[in-house]
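Encoded as structure tokens, the structure appears first; notes follow it.
Keep in mind that the numbers below use all heavy atoms, side chains included, and drop hydrogens, waters and symmetry copies.
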Amino acid sequence: MLRRAILTASLATAAALAAEPPVTFLRDVAPILNKVGCTSGTCHGAAKGKNGFKLSLRGYDPQFDYEALLYDLSGRRFNRADPARSLMLAKPTQQVAHGGGQRFDQNSDYYKIIYNWISQGVPFGDPAKDSVTDLQVEPKEIFMPKPGESVTAKVVARFGDGQTRDVTREAVIESNTPDVAKVDGAAQVSGERIGEATLLVRYQGKFAAMPVTVLNPKPGFAWSPLPQYNYIDQKIDAKLQRLKIQPSPVVDDATFLRRASLDLTGRIPTPGEVRAFLADAAPSRQKRSRMIDRLIASPAYVDHWTVKWGDLLQSNRKYLGDKGVYEMREWIHDSIASNKPYDRMVRELLTARGSSYDNPAANYFRVTRDAKPTMEKTTQVFLGVRMVCTQCHDHPFERWTQNQYYQMSAFFAGVGLRAGYEVGEEIVFDERSGFEMKHPKDGHVVAAQFLVPVSGGAKATGTTASLADWIVSRDNPFFAKAIANRIWSYFFGKGIIDPVDDIRASNPPSNAALLDALTKDVIEHNFDLQYLMRTIANSRAYQASIEVNEWNARDRDNFSHAVPRRLAAEELMDAVSSAAGVRPNFPETPEDTSA
């Protein structure tokens, strides 16, 4: 009789389990751990874990997390005979003391999913079928006519087997500007004030962005078109009109001359230059264009941009010594003076070998010296991609992984430095052996690989020459965009993507159409930076006044008016010296040296 009862109970349990849909760690359980905070940096995702138990930060390594759950404490977190008594269920429901408090209750869907997973034998799942391949958000863009409106967002994941699932509840949705648009735990998006924000959506290593715009409800707006000098103004005006923002008109000639002189040469115009410019009877737009050409052709332009690039490439005595700095500065100066195409300039830096004195571009490797920091600097400066945090774990807000960090670092692993024949000289050379890049997780040798594939023949051979081919490729989605955005920031005080060295899906451009047009123009004109600066400086947007109107007074992101900017230290010193009629005294330099 007892055997029959046991058999009946076993059959009933088996039937109940068979009726439940299959549950896997990859598709079902890992998202729950991420959502309830188990993998957060303040819990078990911390660098050293929590209370002796560690999971990967934000669940970036599901295999590691699965094995930690399965084998830590000799597998005692699971009780397959009685799933309800498993520590993995008892702790987060506070049936057993838990330092992290209650994460869900026994009647929740999360409890049932984990219960069924344990009952089914804690399967990991098939990465080819159960991993998320794509993330879609609905609506694609939220447009609110006034503050106080609300919209419910929806997040849909597509898996490797083609199935889709509404994962809104498990996805992490955050606003980059909560005082414009905030989002609650139910994915309800509320417009707080006039402005723009972006919702950053994260789920199982995939990311999506949802722009939110809250319009000015004030009645009476009527678009008053201003002259459009080039495509820059067209792209900016298209967005401003949509946002009910009226741009400011251009500044007067004197203000334009001061602004353009500072931005292009780092110096204020002399009184004679101002008087001559104001006395020119040519149409304002025509004489401004001529002045832009004259400034770009001046020695002061070369000096100004030599300083900027020297700062960007970290050319200073601390790393290079006196002669190294001089030689590097002369190389940059000659590159600027000859208007060397930007892609060629970067290629020369990345492939430079030999004496740091005879081939000054080789000084690029002397600053960071080792493979990993050199890779970090290269991707950040030339691609606008920050790889720093992926040294330890996958990027929390982007698709970059720890594996990619070491794959990219491998390109620089074979670059060696040794002392030269002169004092302070170093020789940059290619190592012949013993330079493999090893992964810290298991010590395996990592092969060099590009962040993203490109057409056009660039192949990852493991050399910096092959990396240079990939970086400067016209098909590289980052290279031209990064320099277009950086140069723009020098003229407007902020990038279209800001910060300029943080290009990622979760940090979208304030005007994507404008940045795309600039990027396309850079490529079509063979990375001619003088041409790019000339195009920007000739736009109405660049020449706009700092004076605002009732419709653009709150705008800080759409370039509807100029924003006052601080002078750089060198610019301020030269401006004061010029105004006072004196020259600064720099020891051991020519008399006409400026800051």
Side-chain angles (χ1 to χ4, degrees), residues 302-303 305-338 340 342-388 391 405-438 448 461-472 479 482-483 486 501 570 588-589:
V302 179
D303 293 340
W305 290 94
T306 296
V307 171
K308 279 193 175 295
W309 278 102
D311 290 344
L312 196 60
L313 296 176
Q314 297 175 289
S315 175
N316 61 57
R317 290 176 175 82
K318 175 182 176 181
Y319 302 112
L320 309 182
D322 289 342
K323 186 173 182 180
V325 166
Y326 173 79
E327 296 293 349
M328 185 66 168
R329 183 193 178 281
E330 288 301 296
W331 179 84
I332 296 172
H333 186 275
D334 292 345
S335 298
I336 301 297
S338 64
K340 184 181 293 181
Y342 178 64
D343 58 338
R344 180 181 158 198
M345 183 176 172
V346 173
R347 184 187 297 277
E348 289 180 9
L349 287 168
L350 295 177
T351 59
R353 296 294 186 272
S355 166
S356 58
Y357 292 166
D358 296 337
N359 186 8
N363 283 291
Y364 177 77
F365 295 101
R366 297 180 65 200
V367 176
T368 45
R369 310 193 69 82
D370 296 324
K372 290 184 286 188
T374 303
M375 183 279 293
E376 292 171 3
K377 180 175 78 170
T378 299
T379 54
Q380 190 161 347
V381 171
F382 301 132
L383 303 178
V385 175
R386 298 182 180 183
M387 296 293 292
V388 179
Q391 180 175 357
Y405 178 95
Y406 289 94
Q407 289 166 353
M408 285 291 289
S409 297
F411 285 104
F412 297 99
V415 179
L417 293 105
R418 63 175 175 81
Y421 301 102
E422 297 186 43
V423 176
E425 179 190 29
E426 285 191 294
I427 308 298
V428 180
F429 65 98
D430 290 318
E431 299 273 9
R432 294 186 177 181
S433 62
F435 57 84
E436 291 85 0
M437 177 60 60
K438 295 184 179 181
T461 62
T463 64
T464 56
S466 67
L467 178 66
D469 289 340
W470 173 78
I471 284 179
V472 305
F479 182 64
I483 190 59
R486 185 180 292 278
D501 56 1
E570 298 88 352
E588 301 179 6
T589 60

Checklist entry - So Lys308 and Glu570, salt bridge (charged side-chain N to carboxylate O under 4.0 Å, His left out) or not? Walk me through it. => result CA-CA 10 Å; Lys308 279 193 175 295; Glu570 298 88 352; over 6 Å; no

Item to check | Side-chain (Asp358) to main-chain (Ser355) donor-acceptor, under 3.5 angstrom | outcome: no

Next on the checklist: Run the salt bridge (charged side-chain N to carboxylate O under 4.0 Å, His left out) test on Glu376 and Lys372 for me, step by step, so that the C-alpha distance in whole Å, both residues' side-chain angles and the decisive distance to 0.1 Å come before the verdict.
Outcome noted: CA-CA 6 Å; Glu376 292 171 3; Lys372 290 184 286 188; over 6 Å; no

Next on the checklist: How close do Gly424 and Tyr357 get, counting heavy atoms only, and between which atoms?
Outcome noted: C-OH, 3.1 Å

Checklist entry - Which heavy-atom pair separates Gly462 from Ala448 by the least distance, and what is that distance? => result CA-CB, 3.7 Å

Next on the checklist: Before you tell me yes or no, could you show the steps for Glu425 and Ser356 under side-chain hydrogen bond (donor to acceptor under 3.5 Å, both in side chains), namely the whole-Å CA-CA distance, both residues' side-chain angles and the distance that decides it to 0.1 Å?
Outcome noted: CA-CA 6 Å; Glu425 179 190 29; Ser356 58; 5.6 Å; no

Item to check | Atom pair CE (Met328) and CG (Leu313), whose distance is rounded to the nearest 0.5 Å | outcome: 5.0 Å

Checklist entry - Looking at Phe365, is Arg353 sitting on its ring face, NZ or CZ under 6.0 Å from the six-membered ring centre and within 45 degrees of the normal? => result yes

Next on the checklist: I need the minimum non-hydrogen distance between Asp343 and Val472, along with the two atoms involved.
Outcome noted: O-CG1, 3.5 Å

Checklist outcome for this item: Here the pair of heavy atoms bringing Ala362 nearest to Gly354 is CB-O, 4.1 Å

Checklist entry - Passes ring pair (Phe, Tyr, Trp, His ring centres under 6.0 Å), Trp309 versus Tyr342? Steps please. => result CA-CA 12 Å; Trp309 278 102; Tyr342 178 64; 5.6 Å; yes

Item to check | Sidechain N-carboxylate O distance under 4.0 Å for Arg486, Asp501 | outcome: no

Checklist entry - Taking all non-hydrogen atoms of both residues, which atom of Gly416 and which atom of Glu431 are closest, and how far apart? => result CA-OE2, 3.8 Å

Checklist outcome for this item: In terms of heavy-atom contacts, Asn363 and Gly324 come closest through ND2-O, 3.9 Å

Checklist entry - Does Thr464 use its side chain to pair, donor to acceptor, with the backbone of Leu467 at less than 3.5 Å? => result no

Checklist entry - Does the ring center of Tyr364 lie less than 6.0 Å from the ring center of Trp331? => result no

